[in-house]
Q: 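This is the structure, below, for whatever I ask next.
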Amino acid sequence: MAKLMEIMGKFPFEPDKKKPMLIRKQDYSMALYPPNNAFTSDNTYTIVTTDTFMLGIYELGPGGSFDPLDIHPGDETYYILQGPIVQRSGNGQFAYLETGDGLYMPEEAWHKAHNFSDKTARVLYFITPKAWGENIPPAVIPTDAETKFYKGPNNANLPDMRGVIKDYARQGCTDDIGAWPVSGPEARKAPQAVYAVRDGDKLNNVHGTAHPMLMRFISSNDYGHMGEFILPAGGYGPRCSDPDTHKGDAALYCVDGPVTVNLVDMEESFQLEPEDSFFIPAGVKYQLVNFQNHPVKIVFAITDL
């Protein structure tokens with residue numbers, strides 16, 4: 001496998017060679033991150049890394065955590081494939097996340113994960129518009145002791161977050177698309193708060209009218225959108241979603257399948273098994289097709305709706 005830094009921004013293709021592509025689980029690029037100390041690293045599987053976003057999976061073994069703290073010049077959203085996992089922020093937030101929960105972290109928010117369970121934790125992450133920049137990762141990275149935590153020695157030097165964290169507990173609506181769980185520009189103001197989006201907190205909507213499909217946003221803002229498509233079983237024939245296109249690049253990750261991705265104008269179709277992914281360039285029309293007798297679930301990552 002290639003080094004993570006060698007494929008950054010150009011896997012599984014160069015940015016000028018984007019095309020619809022089925023990416024099987026066995027074709028993901030695997031690396032340890034960070035690569036220089038296996039005792040503090042996690043297994044990282046890169047699915048897509050291009051000029052508009054990065055999608056991948058990281059795993060933490062039982063009792064493990066990754067070190068040092070991480071930071072990105074773009075927003076990052078999690079979908080927990082296998083929990084529980086505890087995500088800490090540099091400013092003293094600790095989110096306990098179960099399987100199916102989500103987490104939104106605005107750009108330049110320090111973060112780290114812990115696995116206090118006896119099972120491997122697995123997290124699907126979506127970073128947009130970019131995962132790395134000239135100054136990130138920075139030359140100086142805070143240690144755990146320099147973050148805010150129970151009786152932390154540096155607590156007095158860090159901001160009080162009680163007036164910073166926005167309350168999004170009210171019932172969401174269609175007008176919240178593009179600003180969930182909070183607006184991106186507001187969330188990125190320092191000091192940055194992170195937001196656990198548990199299953200009951202996802203922004204629910206319906207995709208399409210002729211063939212409705214459940215759409216559940218974890219995060220939705222000016223940088224990108226991540227959430228779930230849940231397509232019910234069919235009846236006399238298969239269940240299909242209404243065709244759609246996006247202004248930006250997108251990727252789909254199959255959680256419960258199999259599911260078929262039908263490229264409407266290209267008259268091509270591809271079947272995704274659980275843990276497979278599919279890359280959809282901007283402007284390509286597609287729909288989901290369920291030939292099964294049970295609902296299917298797909299995580300979507302879209303840079304611009």
Q: Test of understanding: clusters of I, L, V, M, F, W, Y form through side-chain heavy atoms closer than 4.5 Å, transitively. Do Tyr125 and Tyr223 belong to the same one?
A: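 No; Tyr223 is not reachable from Tyr125 via cluster members.
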
Q: Report the C-alpha separation of Lys202 and Ile218 in whole Å, then their side-chain angles, then the decisive distance to 0.1 Å, and conclude whether the side-chain contact (heavy atoms from CB on, under 4.5 Å) test is met.
A: CA-CA 5 Å; Lys202 293 171 186 174; Ile218 295 170; 4.1 Å; yes

Q: So do Cys254 and Glu273 actually touch side chain to side chain, heavy atoms under 4.5 Å?
A: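 No, their side chains stay 4.5 Å or more apart.
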
Q: Mind telling me whether His246 and Tyr286 have parallel, tilted or perpendicular rings, with 30° and 60° as the class edges?
A: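 Correct class here is tilted.
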
Q: How many angstroms lie between atom CG of Leu81 and atom OG1 of Thr120, to the nearest 0.5 angstrom?
A: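 Here the interatomic distance stands at 12.5 Å.
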
Q: Are Leu22 and Val255 linked, directly or through intermediate hydrophobic residues, by side-chain heavy-atom contacts shorter than 4.5 Å (ILVMFWY only)?
A: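 Cluster IDs for Val255 and Leu22 match.
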
Q: Between atom CD of Glu146 and atom CG of Leu69, what is the distance when rounded to the nearest 0.5 Å?
A: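 The distance works out to 9.5 Å.
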
Q: With rounding to the nearest 0.5 angstrom, report the CZ to CD1 distance, Phe53 to Ile47.
A: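 One gets 9.5 Å once the value is rounded to the nearest 0.5 Å.
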
Q: Please check this pair: side chain of Ser277 against backbone of Ile23, looking for a donor-acceptor N/O pair closer than 3.5 Å.
A: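 No; zero donor-acceptor contacts below 3.5 Å.
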
Q: Would you say the ring centroid of Tyr79 lies under 6.0 angstrom from that of Tyr253?
A: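 Here the rings of Tyr253 and Tyr79 have centres that are no less than 6.0 Å from each other.
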
Q: Look only at the side chain of Lys130 and the backbone of Gly9, and say whether a donor-acceptor pair between them is shorter than 3.5 Å.
A: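 Such a contact is absent between Lys130 side chain and Gly9 backbone.
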
Q: Describe, in one word, how the ring planes of Phe278 and Phe270 are oriented to each other, choosing from parallel (under 30°), tilted (30 to 60°) and perpendicular (over 60°).
A: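 Phe278 and Phe270: tilted rings.
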
Q: Would a distance-only check, ignoring hydrogens and angles, find a side-chain to backbone donor-acceptor pair under 3.5 Å from Ser241 to Leu288?
A: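 Between the backbone of Leu288 and the side chain of Ser241 there is a qualifying donor-acceptor contact (under 3.5 Å).
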
Q: Taking the side chain from Thr52 and the backbone from Thr128, do they hold a donor-acceptor pair closer than 3.5 Å?
A: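 Such a contact is absent between Thr52 side chain and Thr128 backbone.
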
Q: Can you check whether Leu158's main-chain N or O pairs, donor with acceptor, with Asn154's side chain at less than 3.5 Å?
A: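 Absent.
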
Q: Are Tyr45 and Met226 grouped together when hydrophobic residues (ILVMFWY) are joined by side-chain heavy atoms under 4.5 angstrom apart?
A: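 Per the 4.5 Å side-chain linkage, Tyr45 and Met226 are co-clustered.
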
Q: Carefully, step by step, assess Gln93 and Val164 under the rule side-chain contact (heavy atoms from CB on, under 4.5 Å).
A: CA-CA 12 Å; Gln93 291 176 267; Val164 176; over 6 Å; no

Q: side-chain contact (heavy atoms from CB on, under 4.5 Å), that's the test. Do Tyr195 and Asp201 meet it? Break it down for me.
A: CA-CA 10 Å; Tyr195 292 88; Asp201 299 324; over 6 Å; no

Q: Do His111 and Glu76 have side-chain N/O donor and acceptor atoms under 3.5 Å apart?
A: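 His111 vs Glu76: donor-acceptor pair found between side chains.
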
Q: Would you mind telling me which of Val86, Thr147, Asp144 makes a side chain to side chain contact (heavy atoms under 4.5 Å, CB included) with Lys112?
A: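 Result for side chain to side chain contact (heavy atoms under 4.5 Å, CB included) with Lys112: Asp144.
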
Q: When rounded to the nearest 0.5 angstrom, what is the spacing between CD1 in Ile230 and CG in Leu214?
A: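 Rounded to the nearest 0.5 Å, the CD1-CG separation comes out at 4.5 Å.
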
Q: How far apart are the closest heavy atoms of Asp242 and Gly208, and which atoms are they?
A: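 Taking every non-hydrogen atom into account, OD2-CA, 3.2 Å.
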
Q: Just verifying a value: how many Å separate Leu252 CG and Leu55 CG, rounded to the nearest 0.5 Å?
A: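 Here the interatomic distance stands at 9.5 Å.
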
Q: When you group the ILVMFWY residues by side-chain heavy-atom contacts below 4.5 Å and let the links chain together, are Val261 and Phe13 in the same group?
A: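 They do share one cluster, since a chain of ILVMFWY contacts under 4.5 Å joins Phe13 to Val261.
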
Q: Stepwise, does the ring pair (Phe, Tyr, Trp, His ring centres under 6.0 Å) test hold for Phe217 with Phe300?
A: CA-CA 9 Å; Phe217 291 89; Phe300 61 82; 5.6 Å; yes

Q: Calculate, to the nearest 0.5 Å, the distance between atoms CE and NE2 belonging to Met54 and His72 respectively.
A: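 Spacing of CE (Met54) from NE2 (His72) equals 8.0 Å.
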
Q: Is there a donor-acceptor pair closer than 3.5 Å between any side-chain N or O of Asn290 and the backbone N or O of His294?
A: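 Indeed, once roles are kept as given, a pair shorter than 3.5 Å links the two residues.
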
Q: Under the side-chain contact (heavy atoms from CB on, under 4.5 Å) criterion, do Lys18 and Asp51 qualify, and how do the steps go?
A: CA-CA 10 Å; Lys18 296 175 187 176; Asp51 58 334; 2.7 Å; yes

Q: Within the structure provided, determine whether Pro212 and Arg239 are in side-chain contact (heavy-atom separation under 4.5 Å).
A: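 Side chain of Pro212 against side chain of Arg239, heavy atoms only: contact under 4.5 Å found.
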
Q: Minimum heavy-atom separation for Gly257 and Pro274, please, with both atom names.
A: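 Scanning both residues completely, I find the closest heavy atoms to be N-CG, 3.8 Å.
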
Q: Any donor-acceptor pair under 3.5 Å linking the side chain of Arg216 with the backbone of Asp199?
A: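 Flag set: sc Arg216 to bb Asp199 pair under 3.5 Å.
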
Q: Is the side chain of Asn155 donor-acceptor paired with the backbone N or O of Phe149 at a distance under 3.5 Å, no angle test?
A: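 Checked: pair present.
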
Q: Would you say Thr174 and Asn205 are linked by a side-chain donor-acceptor pair, where the criterion is simply a distance under 3.5 Å?
A: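 Yes, a side-chain donor-acceptor pair sits under 3.5 Å.
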
Q: Verify the ring-centre separation between Phe116 and Tyr96: is it less than 6.0 angstrom?
A: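 When the ring centroids of Tyr96 and Phe116 are compared, they turn out to be at least 6.0 Å apart.
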
Q: Which pair of heavy atoms, one from Ser219 and one from Tyr104, lies closest together, and at what distance?
A: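 Reported closest heavy-atom pair: CB-CD1, 4.0 Å.
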
Q: Is Val194 linked to Tyr58 within one hydrophobic cluster, defined over Ile, Leu, Val, Met, Phe, Trp and Tyr using a side-chain heavy-atom separation of less than 4.5 Å?
A: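 Per the 4.5 Å side-chain linkage, Val194 and Tyr58 are co-clustered.
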
Q: Between Ser220 (side chain) and Gly178 (backbone), is there a donor-acceptor pair under 3.5 Å?
A: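 Yes; at least one donor-acceptor contact below 3.5 Å.
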
Q: Got a donor-acceptor contact below 3.5 angstrom from the Asp249 side chain to the Pro281 backbone?
A: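 Judged by distance alone, no pair lies under 3.5 Å.
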
Q: Please evaluate residues Gln287 and Asn262 with respect to the criterion side-chain hydrogen bond (donor to acceptor under 3.5 Å, both in side chains), reporting the C-alpha separation (whole Å), side-chain torsions for both, the decisive distance (0.1 Å), and the verdict.
A: CA-CA 5 Å; Gln287 66 182 155; Asn262 181 41; 2.9 Å; yes

